[in-house]
Number of protein chains: 2
Amino acid sequence: MGRKRLQESADGRPTVHTVAARAGVSIASASRVLNGVGGSPETIRKVREAAAEVGYVPNAIGRSLQSQRTGLVALAVEDIGNPVYVEMMRAIESVVAASGRQLLVHATGGQIANETALLRRLAHRYVDGMIVSPIRVTDDHLAALVDSPVPVVVVGQLGADAPVDNVRTDSRTGVGLAVGHLVAAGRRRIGFVNGPLDTVPGAARDAGFRAALAAHGIDLDERLVEVGDFRYAAGRAATERLLARARPDALVCANDLIAVGALHALLAAGHRVPQDVALVGMDDTELARMMFPQLSSVSLGSAERGRRAAELLLQRIADPTLPPRREQVAPSLAVRASSATGPATGVTLPAPRTPEVTA
Amino acid sequence: MGRKRLQESADGRPTVHTVAARAGVSIASASRVLNGVGGSPETIRKVREAAAEVGYVPNAIGRSLQSQRTGLVALAVEDIGNPVYVEMMRAIESVVAASGRQLLVHATGGQIANETALLRRLAHRYVDGMIVSPIRVTDDHLAALVDSPVPVVVVGQLGADAPVDNVRTDSRTGVGLAVGHLVAAGRRRIGFVNGPLDTVPGAARDAGFRAALAAHGIDLDERLVEVGDFRYAAGRAATERLLARARPDALVCANDLIAVGALHALLAAGHRVPQDVALVGMDDTELARMMFPQLSSVSLGSAERGRRAAELLLQRIADPTLPPRREQVAPSLAVRASSATGPATGVTLPAPRTPEVTA
DNA sequence: CAGACTCCCGGAAACGTTTACAGCAGACAG
DNA sequence: CTGTCTGCTGTAAACGTTTCCGGGAGTCTG
């Protein structure tokens, strides 16, 4: 039989050829029946039967090659352990699922190389589009975004003129909300525990903090500013360093994970929250409500940003010629016990290491 | 020109044909150069140049159709907001990445239909293999697992004779560790806040709890058992219901999210932890260490299970004929402040709603 | 009863890639 | 100078699917 086409795939699984041969019809008819378009009752019966007998299951790759779409959408975030991304993911998922597609998540670990590689590899047609939330953006990175072979939507700040769909918030203003709230509550020695300054959100929040203090006529004591990364352990360690050299009456944290670390450090050092030190986080994730006392937090609308990003992406997939769009979500402040003014809701410690504890 | 093959893909992006034509060589030579195998210096130069000029980027789908592999591995979990899955994912990711593949995560939301659909759709060749951690297993589900077209490894309990690679732990014994520890510390009115009983882990933990109490000769007071789901809010609500009708001196929780909910409920109700009520969670996630007081927790070796599952999967991808294997990871108990015996490490509340507070 | 119309079918092309195979030129040995 | 070997190249098949197109059979209309 020479090099005649075989009827099974390389690993022995049935293909549409197997089904067609078994049903005694052409592959065209088999394919039509399997896709539910056309076919006489008799043909339908024969093909269905044959497919069931051999346990046919279509090969998505073959189908995608033909149809030029996979029905998959990817979300690439830095740290999937950060609840803010979980909330964003849930919002994206619901939009994406409603369009009949599936969402896949990839954690980049904040490695630029990693993320660029993802764009350059995964995006090469395995997915119909992707949403990326980078915390560092380099020129190389940007280039990869711009000429990505599939539609990309970026969640987060991006160079002003980048021709890429973009959903952002204003975290500078967000930090301002926190500072304003604390100042109004009579706090003056306001500290700031931030993430790395070489990240986009880190830099924006630093600028926002300084601007907000200035706007309230408060001189910034640099000893009240500390930097770690955006995770819990670093937040706790950074707060411990800060407390070792300064005595804040309030702390703003660049996200909720850091705020939880700060809360832990404060309580372990014998400070009462909020009586001695008021605490405000950012992102307003479920984590903030899981703490005791519950944490005030600046909402950056992560779910909303995710939802909008997903919508932008679906629109662009439908029509790739759309001009780049940019949307903005306004921040808001959720005040909870950790920065409430009254002392009634606070937590006290018996009397651990530090001297200045109320008897 | 009739129906002659075009040199661009449908959406105008360059293909290997474009590059070949531009370089004045055959597509075979172009492909060889682009893959770094063979080619004369002159050919290499021309092809590289042409590829750069047109911005060629290979179509992964086309390549996969030919090579019968995608280099992608999927992880399907129920709730990506649960830190235990984050830890598992990290472990899997590192193994998978080391093999040069990429990990994609899919959240099923615990919907069986969802999960089965994932198996039946995504698994149809988009990925080289997948790791699934189902919390409910039906026959249909099992069938989908067994004749999945790609290798599958299951993390979690599975019917004893299911011919599927499987990494499990022994959560019954795990609950026993928690109960034993609490009994040794003198606790007797030990409560249990569990997830749904129609889930595999929920059922196993319930059985483990009852068996452990019996083993210590303690009669179970059914009012001390409450059920929600595996998330924070439900854990808190369930604990509130429990506290409204009973007075435990210790609580075992079916996972750390529930334990955090229980901690919140306990503190809000004015109970001291651990003095009044000792608390033990399960999964030993980072969340347990993020609490104040830090939570004792039964480690079910989630990272280890993830690591082993990934290794099993890679082995099976390499050799699909391997017999089904089953591995087990032993639980262990991490004792922290929330169940420490001494009162020194506990947290006290000023004097909220309940009367029995230390002045 | 002829013609138009509808419906179904099979052959073949197409999606973008890799690769087996054969041909060809050049280098080298005898 | 001839024969063999090496290394590169191009043609074409293959991966598994969908779909265009032409042909044939059957149905309805006039």
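Numbers restart at 1 for each chain; the letters A, B, ... are given by sequence-line order, proteins then strands. Source: prediction; values computed, not measured.
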Query raised in the report: Starting at CD of A:Gln68 and ending at P of D:dT18, how long is that distance when rounded to a whole Å?
Result: 14 Å
Query raised in the report: For A:Ser40, which contact category applies under a 4.0 Å heavy-atom criterion: base, sugar-phosphate, or nothing?
Result: sugar-phosphate
Query raised in the report: Does the side chain of B:Gln66 get closer than 4.0 angstrom to OP1 or OP2 of D:dA13 through an N or O atom?
Result: no
Report task. Let me know the distance between CZ of A:Arg32 and C1' of C:dC8, rounded to the nearest Å. Result -> 7 Å
**Report entry** N-O pairing of B:Glu311 and B:Arg308 below 4.0 Å
**Finding:** no
Report task. Counting heavy atoms from C-beta on, name the nucleotide in C:dT17, D:dT17, D:dG10 closest to the side chain of B:Ser26. Result -> D:dG10
Report task. Among C:dA20, D:dT18, C:dG16, find the nucleotide with the atom closest to the side chain of A:Arg63. Result -> D:dT18
Query raised in the report: Nearest of C:dT17, C:dG10, C:dC15 to any side-chain atom of A:Val25?
Result: C:dG10
Query raised in the report: Does A:Glu327 come within less than 4.0 Å of A:Arg168, counting only side-chain N to carboxylate O?
Result: no
Requested in this report: When you get a sec, tell me which of D:dG10, C:dG16, C:dG10 is the closest nucleotide to the side chain of B:Leu65?
Outcome: C:dG16
Query raised in the report: Has B:Ser29 got a side-chain N or O lying under 4.0 Å from the OP1 or OP2 atom of D:dG10?
Result: yes
Report summary line: Closest of C:dA12, C:dC15, D:dT17 to the A:Tyr56 side chain is D:dT17
Report summary line: note: A:Tyr126, atom OH; C:dG16, atom P; distance rounded to Å ~ 15 Å
**Report entry** Nucleotide of D:dT18, C:dG16, D:dT17 approaching A:Asn59 most closely (side-chain heavy atoms)
**Finding:** D:dT17
Query - Side-chain ion pair, B:Arg45 and B:Glu42, N-O less than 4.0 Å - result: yes
Report task. Return the nearest nucleotide to the side chain of B:Pro58; candidates are C:dT17, D:dG16, C:dT19. Result -> C:dT17
**Report entry** For atom CG of A:Asn35 and atom C1' of C:dC8, their distance in whole Å
**Finding:** 16 Å
Report summary line: Walking DNA chain D from its 5' end, the first of B:Gly62 and B:Glu42 to be reached, judged by nearest nucleotide, is B:Glu42
Query - Any A:Ser31 side-chain N or O less than 4.0 Å from OP1/OP2 of D:dT18 - result: yes
Query raised in the report: To the nearest angstrom, how far is A:His17 atom NE2 from C:dA12 atom P?
Result: 12 Å
Query raised in the report: Which part of the nucleic acid does A:Ile61 contact within heavy-atom distance under 4.0 Å: base, sugar-phosphate only, or nothing?
Result: nothing
Query raised in the report: Would you call B:Arg90 and A:Asp79 a salt bridge, taking side-chain N to carboxylate O under 4.0 Å as the test?
Result: yes
Report summary line: Taking C:dG16, C:dG11, C:dA20 as options, the one with an atom nearest any side-chain atom of A:Ala28 is C:dG11
Requested in this report: Figure out the CD1/C1' separation between A:Ile27 and C:dA13, and round it to whole Å.
Outcome: 10 Å
Query raised in the report: Got a donor-acceptor contact below 3.5 angstrom from the B:Asp128 side chain to the B:Thr70 backbone?
Result: yes
